[in-house]
Protein chains: 2
Amino acid sequence: MDQPPGSATRQRIVDAATVLFLTRGYGGTSTRDIAAAVGIKQPSLYAHFAVKSDLLLEVLLHALRPSLEESARLQADPTLSAVERLSALVSFDVRLLCSGAANRGLLAYLPEVRATGVAAQLASHQKVLHDAYRVLVAEVLAERRLDGDADRLTTSVFALVEGTVLRRVVDPELDPDATAAEVAAGALRLIGG
Amino acid sequence: MDQPPGSATRQRIVDAATVLFLTRGYGGTSTRDIAAAVGIKQPSLYAHFAVKSDLLLEVLLHALRPSLEESARLQADPTLSAVERLSALVSFDVRLLCSGAANRGLLAYLPEVRATGVAAQLASHQKVLHDAYRVLVAEVLAERRLDGDADRLTTSVFALVEGTVLRRVVDPELDPDATAAEVAAGALRLIGG
DNA sequence: GTCTATATAATGATAGAC
DNA sequence: GTCTATCATTATATAGAC
């Protein structure tokens with residue numbers, strides 16, 4: 001095993017912080033807690049991140065990355081219909097939101113994300129994903145020759161998908177595949193038909 | 001003006017804490033911050049709440065109360081059809097989630113709610129509201145002679161309603177009436193028809 | 001019920017050796 | 001890049017006077 005660029009420790013810090021922020025909250029997680037989970041001493045964190053909120057930003061970007069990559073991949077796929085591409089993106093995102101040890105989707109909605117100013121640094125990345133949803137919704141409307149306000153429908157679809165985050169808070173055992181299928185079907189019903 | 005039972009100061013503490021928890025997070029809000037917002041000294045808080053997490057519980061119960069009262073009122077109203085009662089409850093809740101200075105609906109999803117053990121004390125109250133939704137969804141299915149899994153549909157409807165919370169995080173100017181109408185219509189589409 | 005004063009512990013972050 | 005040692009600050013909560 002050779003060392004990944006930026007060192008593997010940095011990624012282990014991000015992973016540990018993700019779980020801790022979601023279980024104890026950002027303010028309830030001390031830099032000592034994070035260091036202990038990684039197996040290093042607290043001041044060693046500052047060799048990787050200048051301040052605690054920089055770590056929060058990295059955690060957020062890392063949680064958003066898979067969705068951004070999948071949406072880019074799907075938008076460029078000519079073998080799928082619009083309905084198939086939207087369904088695939090919704091399913092992917094919902095499955096992602098239901099999977100893994102921690103409810104990563106909740107991260108972006110923590111109050112500290114806005115209080116620390118990290119939200120502003122994250123906004124452009126979130127906009128890319130939201131735009132991908134809007135494009136797909138508009139394409140579904142066109143493909144099915146439906147009337148409908150694409151912008152409003154997009155926010156509804158997005159709310160339904162992101163609602164998965166809140167469902168998982170209440171029910172941590174939420175089944176990824178069943179929920180993905182259910183939300184994907186719900187999204188199409190929301191658009192009309 | 002005479003003094004309300006339990007003193008008016010207690011309620012002012014709850015109101016101040018609600019706003020602060022939602023803007024800075026629970027761990028990011030000190031008891032000094034709360035006291036300063038109310039205009040008292042920090043130790044005076046402990047004449048009203050034994051520990052900080054007791055204040056969090058009261059904040060949560062206070063945020064949930066209007067929905068519980070409205071759902072009880074609607075379930076007992078014989079002048080409305082099932083569709084009208086479900087629409088009214090969804091509209092009421094969404095309007096509530098969109099109104100007021102703070103995004104109170106987000107409170108229940110803060111990590112600290114579970115970390116402090118407050119979630120367990122809140123669960124029975126949340127169940128009452130969720131059950132009200134389930135009853136109304138089942139009645140709509142019966143009224144419209146639709147086939148459908150009431151439990152699954154209830155969770156979808158609930159997710160759509162609660163998704164409003166996340167939308168308001170991103171867009172604090174979310175219009176209460178327009179969003180309520182949109183979500184209520186979406187809920188009926190989710191159920192079928 | 002509010003105050004002053006304080007105990008006790010934990011916090012984020014820095015300095016400097018290796 | 002990690003460590004030990006430490007600083008300055010802030011935290012929750014208590015004691016006791018009024």
Side-chain angles (χ1 to χ4, degrees), chain A residues 1-60 110-118 121, chain B residues 1-60 110-118 121:
Chain A
M1 310 277 190
D2 38 16
Q3 295 287 90
S7 99
T9 302
R10 184 182 172 96
Q11 188 55 50
R12 292 174 56 223
I13 293 169
V14 171
D15 291 341
T18 300
V19 173
L20 287 168
F21 289 164
L22 285 168
T23 49
R24 307 184 192 180
Y26 175 79
T29 301
S30 72
T31 52
R32 280 179 174 79
D33 292 334
I34 300 166
V38 175
I40 60 178
K41 299 299 179 182
Q42 181 258 350
S44 301
L45 285 179
Y46 291 84
H48 300 275
F49 300 94
V51 291
K52 191 186 174 188
S53 64
D54 282 359
L55 175 52
L56 177 61
L57 176 61
E58 184 110 337
V59 163
L60 287 161
L110 299 183
E112 293 90 344
V113 171
R114 310 197 110 72
T116 58
V118 164
Q121 302 173 263
Chain B
M1 309 276 191
D2 36 18
Q3 294 285 91
S7 99
T9 302
R10 185 183 172 96
Q11 189 55 50
R12 292 175 57 223
I13 293 170
V14 171
D15 291 341
T18 300
V19 174
L20 286 168
F21 289 164
L22 285 169
T23 50
R24 307 183 191 179
Y26 175 79
T29 301
S30 71
T31 51
R32 278 182 175 79
D33 293 334
I34 300 166
V38 175
I40 59 179
K41 299 299 179 183
Q42 181 259 349
S44 301
L45 285 179
Y46 291 84
H48 300 274
F49 300 93
V51 291
K52 191 186 172 188
S53 64
D54 282 358
L55 175 51
L56 177 62
L57 176 61
E58 183 111 335
V59 163
L60 287 161
L110 298 184
E112 292 89 345
V113 171
R114 310 197 111 70
T116 57
V118 165
Q121 302 173 263

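In the text below, chain A, chain B and the rest are named by the order of the sequence lines, each starting its count at 1.
Note on residues 41-54 of chain A: no pairs pass salt bridge (charged side-chain N to carboxylate O under 4.0 Å, His left out), not counting sequence neighbours. Residue pairs meeting the ring pair (Phe, Tyr, Trp, His ring centres under 6.0 Å) criterion with at least one member in residues 12-43 of chain B, sequence neighbours excluded, are B/Phe21-B/Tyr26. The stretch residues 27-40 of chain B participates, sequence neighbours left out, in these side chain to side chain donor-acceptor pair (under 3.5 Å) pairs: B/Arg24-B/Asp33, B/Ser30-B/Asp33, B/Thr31-B/Gln42. Listed by first and then second residue, the ring pair (Phe, Tyr, Trp, His ring centres under 6.0 Å) pairs involving residues 28-58 of chain A amount to none (not counting sequence neighbours).
Of the residues in residues 40-50 of chain A, those lying under 4.0 Å from DNA chain D by heavy-atom distance are A/Ile40, A/Lys41, A/Pro43, A/Ser44, A/Ala47, A/His48. DNA chain D lies under 4.0 Å from at least one heavy atom of each of the following residues of residues 10-35 of chain A: A/Arg32. In the region residues 51-58 of chain B, proximity to DNA chain D at under 4.0 angstrom, judged on heavy atoms, holds for B/Val51, B/Lys52.
Taking B/Glu58 as the reference, B/Arg10 meet the salt bridge (charged side-chain N to carboxylate O under 4.0 Å, His left out) condition, with sequence neighbours excluded. Partners of B/Ala16 by side-chain contact (heavy atoms from CB on, under 4.5 Å), not counting sequence neighbours, listed by chain and number: B/Ala37, B/Val38.
Taking both residues in full, the closest heavy atoms of B/Val113 and B/Thr116 are given as O-OG1, 3.6 Å, listed atom of the first, atom of the second, then distance. The heavy-atom pair separating B/Ala115 from A/Thr23 by the smallest distance is CB-O, 3.2 Å.
To the nearest 0.5 Å, atom CZ of residue A/Arg114 and atom CG of residue B/Leu22 are 12.0 Å apart. Note that CD1 of B/Ile13 is 11.5 Å distant from OG1 of B/Thr18, once rounded to the nearest 0.5 Å.
A/Ile34 is listed as a side-chain neighbour of A/Leu55, based on a closest heavy-atom distance under 4.5 Å.
For DNA chain D, the contact window with chain B, defined by any atom under 4.0 Å from a protein heavy atom, covers D/dA11 to D/dT14 in 5' to 3' order.
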